[in-house]
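Read the structure below first, then the notes.
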Amino acid sequence: YVRGIGKFDEHSFHPMDLALKLANEEHIRLIIPLVNNWPWQGGREEYAAWRGKPKDAFWTDPQLIADFEKTIRYVLTRTNSLTGVRYLDDKSILCWETGNELRGATIAWTKTISAFIKSIDTNHLVMDGYDAKIRPEVLNMPDVDIVTTHHYPSSHDSRSIAQQIRDDAALVHGKKAYIIGEFGFVKTDEMRDAMQAIMDSQTSGGLLWSLRFRNRDGG
């Protein structure tokens, strides 16, 4: 999608155009992250590398923030080649997520980027892509509509996924919509408990990551 600073690959956007078209036809609503924290498909590290800067500068460097805003503007104002509808007017989009698993994002960065998205697109919701925990400061940001957390087995947290979800939902306390963006890689009973916690707590739902027919480590 992004070939360089302010350079975009038209061909790469055609599958996205098709995805939006089909989502509308099937009455599906999409959550679309605008950048990745990780380098797997290209993320914040690549933005920094284009300017010869360290990856963590992505959160604070005005030049890198401006570079990322160029991508946001391009995506939001893009006209779908199959439908003729601008992305910012497309009903299949539930929300723009500031990014996937943005665990290093500062409060200032989140405030800046969410406000920038809303300055262009007032039709869609904005999700804070910080997934490690609920940040109380974000619950008071007017330009953030949805918060999210991701849950996997961790040596740093002895609580079950279900308990983590219940605790986070209590912290959100209805101030924002709350979606469990990812959860998984635990045994069936713990997955069942996690799904029950999602249904019982004040959340807007959860997204499994993921259903697999074999052990992820083989066998």
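- Distance alone, capped at 3.5 Å, is enough to place a donor-acceptor pair between the Glu46 side chain and the Gly43 backbone.
- Looking at Ile134, Thr149, Val138 one by one, the single match for side-chain contact (heavy atoms from CB on, under 4.5 Å) with Val172 turns out to be Ile134.
- Between Glu45 and Pro39, the shortest heavy-atom contact is OE1-CB, 4.1 Å.
- Heavy atoms from other residues, nucleotides or ligands lying under 6.0 Å from NZ of Lys53 number more than 12.
- Under a 3.5 Å cut-off, the side chain of Asp143 and the backbone N or O of Ser114 do not form any donor-acceptor pair.
- The closest side-chain donor-acceptor pair between Asp121 and Trp96 falls under 3.5 angstrom.
- Side-chain contact check for Tyr87 and Asp17: at least one donor-acceptor pair (N or O, by modelled atom type) lies under 3.5 Å.
- One hydrophobic cluster holds both Phe116 and Leu102 under the rule that ILVMFWY side chains link at heavy-atom gaps under 4.5 Å.
- Follow the hydrophobic side-chain contacts under 4.5 Å out from Leu76 and you reach Leu30 in the same cluster.
- In this structure, NZ in Lys70 is found 8.5 Å from CZ in Phe8, a value given to the nearest 0.5 Å.
- Panel note: side chain Thr148, backbone Ile179; a donor-acceptor pair is recorded below 3.5 Å.
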Let's go through Asp168 and Lys133 carefully: what are the C-alpha distance in whole Å and the side-chain angles of both, what is the deciding distance for salt bridge (charged side-chain N to carboxylate O under 4.0 Å, His left out) to 0.1 Å, and is it a yes or a no? CA-CA 7 Å; Asp168 288 335; Lys133 63 180 182 180; over 6 Å; no

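- No donor-acceptor pair closer than 3.5 Å links the side chain of Thr79 to the backbone N or O of Val85.
- Checked by atom type and distance alone, the side chain of Thr98 pairs as donor or acceptor with a backbone atom of Gly129 at under 3.5 Å.
- Tyr74 has its ring centre less than 6.0 Å from the ring centre of Phe13.
- With Asp90 contributing its side chain and Arg86 its backbone, the two residues share no donor-acceptor pair below 3.5 Å.
- Following chains of ILVMFWY side-chain contacts shorter than 4.5 Å, one can reach Ile72 starting from Ile5, so the two form part of one hydrophobic cluster.
- No donor-acceptor pair closer than 3.5 Å links the side chain of Ser201 to the backbone N or O of Thr203.
- A donor-acceptor contact shorter than 3.5 Å links the side chain of Gln164 to the backbone of Arg159.
- With values rounded to the nearest 0.5 angstrom, Trp209 atom CH2 is found 6.0 Å from Glu182 atom CD.
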Are Lys176 and Asp128 close enough, and set up right, to give a salt bridge (charged side-chain N to carboxylate O under 4.0 Å, His left out), and what steps lead you there? CA-CA 11 Å; Lys176 303 284 185 188; Asp128 174 21; over 6 Å; no

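- Judged purely by atom type and a 3.5 angstrom limit, Asn37 uses its side chain to pair as donor or acceptor with the backbone of Glu101.
- Looking only at atom types and distance, the side chain of Thr71 has no donor-acceptor partner in the side chain of Tyr1 under 3.5 Å away.
- Interatomic distance, CD of Glu97 versus CG of Asn36, reported as 9.5 Å (0.5 Å rounding).
- In terms of modelled atom types and a separation under 3.5 Å, the side chain of His14 and the main chain of Leu82 share no donor-acceptor contact.
- For the pair Arg44 and Phe68, the cation does not sit on the ring face, since its NZ or CZ is not both under 6.0 Å from the ring centre and inside 45° of the axis.
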